[in-house]
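See below for the structure under consideration.
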Amino acid sequence: MSKTFYITTPIYYVNDVPHIGHAYTTIAADVLARYHRLKGDDVFFLTGLDEHGQKVQQAAQKAAMDPKAYCDRLAPQFQTLWKRLNISNDAFIRTTDSKHKAYVQKTLQTLFDKDLIYRADYTGWYCTFDERFWTEKDVVDGLCPDCKRPVERLSESNYFFKMGQYQNRLVKHIEAHPDCIRPRSRSNEVLGFLQKPLEDLSISRPTSRLAWGIPLPFDSNYVTYVWFDALVNYISALEYLRPSPSFDRYWPATIHLVGKDILTTHAVYWSTMLMALEMPLPKTIFAHGWWTANGEKMSKSRGNVVDPHAVVDEFGVDAFRYFLLREVPFGQDGDFSREALIVRINTDLANDLGNLLNRSLTMIERFARGVVPEPEKTVKADLDKQLQRTAVEVLPTVERHLGSLEFNRALEAIWSLVQLGNQYIDKSAPWTLAKQPEDQPRLNTVLYNAAETLRFLCLALHPFMPQAAEEMKRQLGLVLNFSKPLLSSEITWGGVLPGTEIAKGSPLFPRIETIKTPGDARVTQDQQPAPSPTDQITIDEFRKVSLRVGLVIAAERVPKSTRLLKLQVDIGTERRQVVAGIGTKYAPEDLVGKRVVIVTNLKPAKLMGVESQGMVLAAGEEEVTALLTTMDDVPPGSKIK
């Protein structure tokens with residue numbers, strides 16, 4: 001019997017267009033939803049929009065529009081972006097939906113009838129941006145403790161929810177359920193917040209001050225506080241956005257994904273509301289970090305807000321999805337830069353994954369007439385056993401990391417298989433096996449194993465990069481249906497049928513060529529300026545440099561150095577010892593079997609007492625980002641022209 005998996009994003013304010021923060025949360029939720037569907041779980045993935053409140057009313061007034069018309073204009077921008085990002089949400093809620101409004105009013109009436117809502121006069125500091133009151137002890141220097149914007153003094157009569165009476169119960173729940181608020185640092189924050197007396201929550205706003213909201217069912221002179229309205233979406237959606245009411249089927253939610261700025265409203269407001277309604281609390285509320293741009297906080301005034309549409313236009317959707325989830329641990333803050341994205345594309349996606357697909361299919365075309373060959377019946381080589389074991393273990397490893405919301409570690413596990421696949425080809429040397437008829441069975445096994453490794457990568461990558469996984473599937477000629485649960489045969493080694501015709505296509509992730517400009521900016525090759533006369537050399541000067549392809553035979557670290565590696569490199573006519581400062585990027589075992597570009601006529605030099613008889617070419621400025629290698633497998637010693 002399948003398990004239910006109910007995942008939600010926050011419902012996003014419609015007072016502005018969607019940005020990278022919205023994309024980040026929603027992509028993370030999509031990865032989890034897609035993975036659980038592959039497992040066969042009964043998934044419900046909810047996202048949507050928060051369309052009431054003072055910020056929306058003010059934004060509509062500024063645009064000289066009716067608030068509902070303003071929301072109707074902005075809502076499609078979110079829905080369009082989710083389609084571009086391949087978001088597979090099951091439902092999209094808008095808090096202006098009539099059925100949501102009716103559910104909110106029913107919830108308010110229930111609490112009112114239970115004597116959990118009362119009316120009282122109140123004077124306090126009000127933050128318009130966060131749409132909440134703060135007490136005297138919360139406000140420092142006249143600023144909101146959350147957003148650091150100025151607050152204003154307000155005195156008015158409002159309705160209050162008796163939130164304070166649930167303080168001790170909430171503390172005990174958090175302490176008894178370590179996973180209910182994650183990561184642990186956020187749980188500690190909430191417990192710290194709950195050490196102070198928890199006051200009751202103002203859940204109304206007078207219509208004289210704010211007309212844009214859901215009217216209270218017991219007093220039409222007031223509208224519902226926007227956070228009470230918004231939080232109820234997580235259960236109202238289960239009642240009217242499914243073909244039939246589904247509260248009993250999906251609640252409690254498996255995971256609420258939120259930004260760290262709205263953790264208190266979810267962990268405290270929402271939890272106490274559910275306690276008052278006698279409903280189970282969500283299993284996990286996970287608060288992730290924020291994104292900066294080139295080390296600076298994003299803001300419209302700075303002009304550095306990252307537009308997801310622009311990133312996708314330039315680099316593609318899967319590169320964007322990959323970067324956001326690989327670059328930083330989920331839960332920590334991250335920094336977005338165009339340069340960092342290009343490095344990820346070139347090193348991980350083009351050099352590693354794209355190269356593995358391209359070289360595998362090229363060799364199947366060349367050595368097996370474009371058809372996946374029949375492998376040997378018994379596995380003999382340790383290389384084969386290691387590759388099979390790693391491939392079969394990749395999905396359980398991904399599941400373990402996704403269970404902890406460690407997206408970056410899940411991708412690291414997948415890339416371990418990508419890199420092992422490339423090493424397997426390097427060490428097996430199918431281009432050499434193809435020269436001897438007696439090696440044909442071994443060649444067939446190597447080619448089959450390469451194809452089967454790519455099949456496992458298709459499965460593991462689909463939740464993260466669905467478009468790339470579909471293209472890999474097409475080029476490999478695989479029959480996989482990602483919309484259905486995986487069969488046991490599909491997660492067992494041997495799923496590629498011998499005789500499958502491949503259909504090699506264009507590179508999965510083309511490299512992005514960049515050069516360094518005088519201003520230390522990065523531009524693509526088609527934008528590069530003409531070199532200055534002082535940068536130019538003659539063809540005769542260039543001919544003095546001897547560049548050849550070298551095959552790394554052995555590698556080890558230079559003692560007492562974190563950067564230097566000592567390589568033994570076959571350059572065709574001889575073996576050279578080369579010391580390279582690439583140890584912070586590559587482990588020695590990653591390099592064995594790799595083809596690298598060597599400067600062979602460089603005068604020998606000693607680095608930390610170890611002689612180097614050449615130079616390895618690599619890309620990077622302060623740090624090495626990638627080794628220079630060849631797209632095709634060429635013999636060691638081949639001249640670089």
Side-chain angles (χ1 to χ4, degrees), residues 8-11 13 25 50 53 104 107-108 110-111 114 116-118 120 122 124-127 129-140 144-147 151 158-205 224-235 251-289 331:
T8 73
T9 71
I11 51 174
Y13 274 130
T25 317
D50 182 1
V104 170
T107 302
L108 286 164
T110 298
L111 296 178
K114 295 174 69 172
L116 292 172
I117 292 177
Y118 64 93
Y122 183 78
W125 294 103
Y126 187 72
C127 174
F129 183 82
D130 287 328
E131 303 193 37
R132 64 183 292 185
F133 281 99
W134 295 99
T135 63
E136 196 75 43
K137 65 178 181 294
D138 294 321
V139 175
V140 179
C144 169
D146 267 6
C147 70
V151 294
N158 267 312
Y159 285 89
F160 290 80
F161 162 56
K162 294 181 179 179
M163 182 169 67
Q165 73 180 47
Y166 296 97
Q167 180 171 3
N168 292 336
R169 181 177 165 187
L170 180 56
V171 170
K172 290 179 181 178
H173 178 85
I174 295 171
E175 291 176 342
H177 300 84
D179 287 338
C180 70
I181 300 172
R182 292 168 57 192
R184 181 58 59 86
S185 59
R186 303 299 178 201
S187 179
N188 293 337
E189 285 179 20
V190 175
L191 288 172
F193 176 84
L194 291 171
Q195 287 180 355
K196 299 180 294 184
L198 184 63
E199 298 188 348
D200 292 343
L201 178 66
S202 173
I203 53 93
S204 70
R205 300 292 182 263
T224 309
Y225 170 44
V226 65
W227 269 111
F228 191 101
D229 162 13
L231 291 166
V232 172
N233 96 91
Y234 298 128
I235 51 178
W251 194 260
T254 311
I255 300 174
H256 287 324
L257 289 186
V258 301
K260 64 181 182 180
D261 55 324
I262 56 173
L263 175 59
T264 301
T265 52
H266 282 77
V268 179
Y269 295 7
W270 181 224
S271 296
T272 54
M273 287 164 58
L274 288 167
M275 287 177 175
L277 292 166
E278 300 179 29
M279 294 180 179
L281 272 59
K283 296 175 183 176
T284 296
I285 300 170
F286 194 103
H288 63 71

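Here the structure is a predicted model, which is why all the values come from computation and not from measurement. Worth knowing before you read on, the calculation uses all heavy atoms, side chains too, and leaves out hydrogens, waters and symmetry mates.
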Do Ile255 and Pro282 have side chains that approach each other closer than 4.5 Å (heavy atoms only, starting at C-beta)?
no

Between the main-chain N or O of Leu194 and the side-chain N or O of Gln167, is there a donor-acceptor pair closer than 3.5 Å?
yes

Option from Ile117, Leu111, Val226 for which side chain to side chain contact (heavy atoms under 4.5 Å, CB included) with Ile203 holds:
Ile117

Aromatic contact between Tyr269 and Phe228, with the criterion being ring centroids under 6.0 Å apart: yes or no?
no

OH/Tyr126 to CH2/Trp134 distance, rounded to the nearest 0.5 angstrom?
12.0 Å

Heavy-atom closest contact (Phe160 atom, Ala120 atom, distance):
CE1-O, 3.6 Å

Salt bridge (Lys or Arg N to Asp or Glu O under 4.0 Å): which pairs involve residues 257-280, sequence neighbours left out?
Lys114-Glu278, Lys260-Asp333

We want to know whether Tyr166 and His173 form a side-chain donor-acceptor pair, criterion being a heavy-atom distance below 3.5 angstrom.
no

Ionic contact status for Glu189 with Arg186, cut-off 4.0 Å:
yes

What closest approach, in Å, do Ala176 and Pro178 show between heavy atoms, and which atom pair accounts for it?
O-CD, 3.5 Å

Is Val190 close to Leu170 at the side-chain level, that is, under 4.5 Å between some pair of heavy atoms?
no

With a 4.5 Å cut-off on side-chain heavy atoms, are Cys144 and Val139 touching?
no

Within the 4.5 Å heavy-atom criterion, are Ile181 and Leu263 side-chain neighbours or not?
yes

Side-chain contact test, heavy atoms from C-beta onward, threshold under 4.5 Å: evaluate it for Met273 versus Val232 and give yes or no.
yes

Is the distance between the ring centroids of Phe286 and His266 less than 6.0 Å?
no

Using atom types as modelled and distance alone, determine if a side-chain donor or acceptor of Gln165 lies under 3.5 Å from a backbone N or O of Asp200.
no

What distance do His288 atom NE2 and Leu257 atom CG have between them, rounded to the nearest 0.5 Å?
6.5 Å

Between Val151 and Trp125 the two heavy atoms that sit nearest each other are CG2-CE3, 3.6 Å

To check you understand the geometry: which heavy-atom pair defines the closest contact between Ile11 and Asp50, and what is its length?
O-CB, 3.6 Å

Between Trp227 and Thr265 (side chain of the first, backbone of the second, donor and acceptor by atom type, cut-off under 3.5 Å), is there such a pair?
no

Does the side chain of Thr272 come within less than 4.5 Å of Lys162's, by heavy atoms?
no

Between the side chains of Tyr225 and Asn158, does any donor sit under 3.5 Å from an acceptor?
no

Before giving the answer on side-chain contact (heavy atoms from CB on, under 4.5 Å), spell out for Asp138 and Lys196 the whole-Å C-alpha distance, their side-chain angles and the decisive distance to 0.1 Å.
CA-CA 11 Å; Asp138 294 321; Lys196 299 180 294 184; 3.6 Å; yes

Test item: Met163 and Glu199 side chains (from C-beta on) under 4.5 Å apart, heavy atoms
no

So which heavy atom on Asp229 is nearest to which on Thr224, and how close?
N-CG2, 4.0 Å

Aromatic ring pairing Trp270/His256, orientation class (parallel under 30°, perpendicular over 60°, tilted between)
tilted

With the threshold set at 4.0 Å, does a side-chain nitrogen-carboxylate oxygen contact exist between Arg184 and Asp179?
no

